[in-house]
Number of protein chains: 2
Amino acid sequence: MHSLAEENYLKTLFSLSNDKAEVNVNDLSKRLGIKMPTVTSMMKKLATKKLVHYESYKPLRLTEKGKKEAALIIRKHRLTEMYLVEKMGFGWEQVHEIAEQIEHIQSSEFFAKMDELLGYPKLDPHGSPIPDKNGKMVWSAYSKLSECKKGDTVKITAVINTSEEFLKFLNSREIHIGLKLKIKSIEPFDNSMVVTYDKRNAETLSQIVCERLLVEK
Amino acid sequence: MHSLAEENYLKTLFSLSNDKAEVNVNDLSKRLGIKMPTVTSMMKKLATKKLVHYESYKPLRLTEKGKKEAALIIRKHRLTEMYLVEKMGFGWEQVHEIAEQIEHIQSSEFFAKMDELLGYPKLDPHGSPIPDKNGKMVWSAYSKLSECKKGDTVKITAVINTSEEFLKFLNSREIHIGLKLKIKSIEPFDNSMVVTYDKRNAETLSQIVCERLLVEK
DNA sequence: AAAGAAAGTTCGGTCACCCTAAATCGAAAA
DNA sequence: TTTTCGATTTAGGGTGACCGAACTTTCTTT
């Protein structure tokens with residue numbers, strides 16, 4: 001249906017749109033590692049396919065159709081990550097790169113089978129929600145660790161904006177989905193938090209890290 | 001390393017070379033569904049990469065390097081087919097198309113893991129040998145069913161030149177790898193064979209079918 | 001051996017996707 | 001309000017992978 005390049009633009013635009021209200025050509029360009037003029041022309045192309053609303057000098061917006069297509073690609077990505085971890089024994093920090101490629105496989109049977117074998121999971125191994133077959137994605141009512149108060153005890157349910165470096169960092173601190181931790185103190189100067197859990201007595205997490213950890217109480 | 005297109009040329013040239021002594025531009029062109037001028041120019045490109053020996057108007061030959069690369073792609077294809085059948089529950093006639101895409105995934109860990117989970121198989125679900133990590137492929141001493149004599153009792157060990165139609169045909173006759181059958185008679189006119197086995201008492205197989213079934217005695 | 005057919009090559013073109021350099025727009029600062 | 005500067009688009013190019021048309025080589029047939 002769509003080319004590999006188109007799928008990557010769609011998916012990335014979708015992800016960026018979830019992170020911030022307005023996504024610019026520049027943002028997309030940086031994230032994809034593709035120069036702005038190329039991004040502009042691809043946006044025009046996707047606009048003719050009714051996948052994005054494009055107006056010169058305006059922020060980029062996906063159409064409903066575009067959102068659905070993008071969500072379906074992300075569905076494939078997250079199902080794949082889940083499968084790699086659950087059924088093949090990969091570590092959660094290894095699977096992103098492989099899933100990045102497998103998400104472009106064209107075979108609904110293949111992904112339906114994964115879904116079935118995994119028992120129709122709702123979250124991927126990083127805790128991000130897996131969109132359903134219609135591209136609907138339901139975020140549970142998670143809050144960011146950075147928004148919690150001193151003394152709170154919370155359970156980590158998801159990790160956002162996953163990069164391999166970040167995942168390695170979490171592993172090195174033995175932090176994983178499902179971990180319960182207590183907030184000992186919050187440093188007013190840089191908003192870093194000192195937390196205790198299971199295996200660590202006083203671990204300091206920077207604000208950047210706290211922004212990326214979703215928790216429930 | 002190589003582009004998707006290059007990989008497809010290599011793989012196809014390798015397969016055709018196993019079927020017949022000399023492979024022409026025309027053969028490759030037909031098999032790939034790509035016009036001859038395009039094939040010619042790709043051959044020149046692959047020649048500069050030392051993957052094929054190319055001389056104008058001469059048959060096409062892979063270099064040793066080219067053979068190895070091709071075998072490694074076929075390894076990925078066949079491992080994938082095996083995995084899809086054994087670990088995901090697909091039918092053997094469904095897996096070719098999916099494997100056709102997954103064979104291009106770039107991740108040695110991914111295929112190493114498949115190999116491990118499958119217990120380092122030697123044959124794919126169609127009975128074709130899986131090249132090893134160094135691109136070495138060992139064909140057992142199979143013979144074609146079409147080369148057997150009246151009265152022989154043989155076991156089917158592999159299927160060559162698999163197409164979905166052919167696999168469906170075999171399924172419809174309940175013919176599968178491992179099946180033992182006896183040759184009742186051979187029709188001299190068209191070299192078709194009448195065979196008996198397990199569930200069928202007198203099944204007629206055309207020469208085309210018999211050419212594609214590998215057996216051991 | 002000459003003619004005709006088939007196979008292979010050469011020679012422009014096209015399309016997708018990427019680039020740099022230069023022009024233009026728009027928002028924030030002077 | 002004018003300047004300035006970053007963001008954006010336009011213009012022009014490049015490469016990979018494909019094509020058709022026309023030409024050349026090789027094979028086949030007579």
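Letters A, B, ... are given to chains in the order of the sequence lines, protein chains preceding strands, and every chain is numbered from 1.
In this structure, the side-chain contact (heavy atoms from CB on, under 4.5 Å) partners of B:K30, at least two apart in sequence or on a different chain, are B:N26.
A side-chain contact (heavy atoms from CB on, under 4.5 Å) with A:L145 is found for one member of A:L213, A:I156, A:D152 and no other, namely A:L213.
In this structure, A:K113 is positioned above the aromatic face of B:F90, its NZ or CZ under 6.0 Å from the six-membered ring centre and within 45° of the axis.
To the nearest angstrom, P of C:dC18 lies 10 Å from CD of A:E6. Atoms CG (B:L60) and P (C:dA7) sit 14 Å apart, rounded to a whole Å. If you take OH of A:Y57 and P of C:dC25, they are 6 Å apart, rounded to a whole angstrom. A:K58 places its NZ atom 14 Å from the P atom of C:dC25, with the value rounded to the nearest Å. Here C:dA5 presents its C1' atom at 12 Å from CE of B:M36, a figure rounded to the nearest Å. One interatomic measurement links the two molecules: CE of B:M43 to P of C:dA7, which rounds to 17 Å at whole-angstrom precision. Put simply, CE on A:M42 is 10 Å from P on C:dA16, counting in whole angstrom units. Here C:dG8 presents its P atom at 16 Å from CD1 of B:I34, a figure rounded to the nearest Å.
Residue A:S56 places none of its side-chain N or O atoms closer than 4.0 Å to OP1 or OP2 of C:dC25. Phosphate proximity of C:dC19 to A:T38: present, with a side-chain N or O under 4.0 Å from OP1 or OP2. Between C:dC18 and A:Y9, a contact under 4.0 Å exists linking OP1 or OP2 to a side-chain N or O. Residue B:N26 places at least one side-chain N or O closer than 4.0 Å to OP1 or OP2 of C:dA7.
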Tell me, with the steps shown, if A:N171 and A:H176 meet side-chain hydrogen bond (donor to acceptor under 3.5 Å, both in side chains). CA-CA 7 Å; A:N171 267 344; A:H176 51 83; over 6 Å; no
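Backbone-only contact: A:S3 has heavy atoms under 4.0 Å from sugar-phosphate atoms and none from a base. Within 4.0 Å (heavy atoms only), A:K44 reaches sugar-phosphate atoms of the nucleic acid but no base atom.
Within the structure, ring-ring contact (aromatic ring centres under 6.0 Å, His included) contacts touching residues 20-69 of chain A (residues at least two apart or in different chains) do not occur.
Reading DNA chain D from its 5' end, the first and the last nucleotide to sit under 4.0 Å from a heavy atom of chain B are D:dG16 to D:dT26.
The number of heavy-atom neighbours closer than 6.0 Å to NZ of A:K58, taken from other residues, nucleotides and ligands shown, is 12 or below.
Formation of a donor-acceptor pair under 3.5 Å by the A:T157 side chain with backbone atoms of A:L214 is found in this model.
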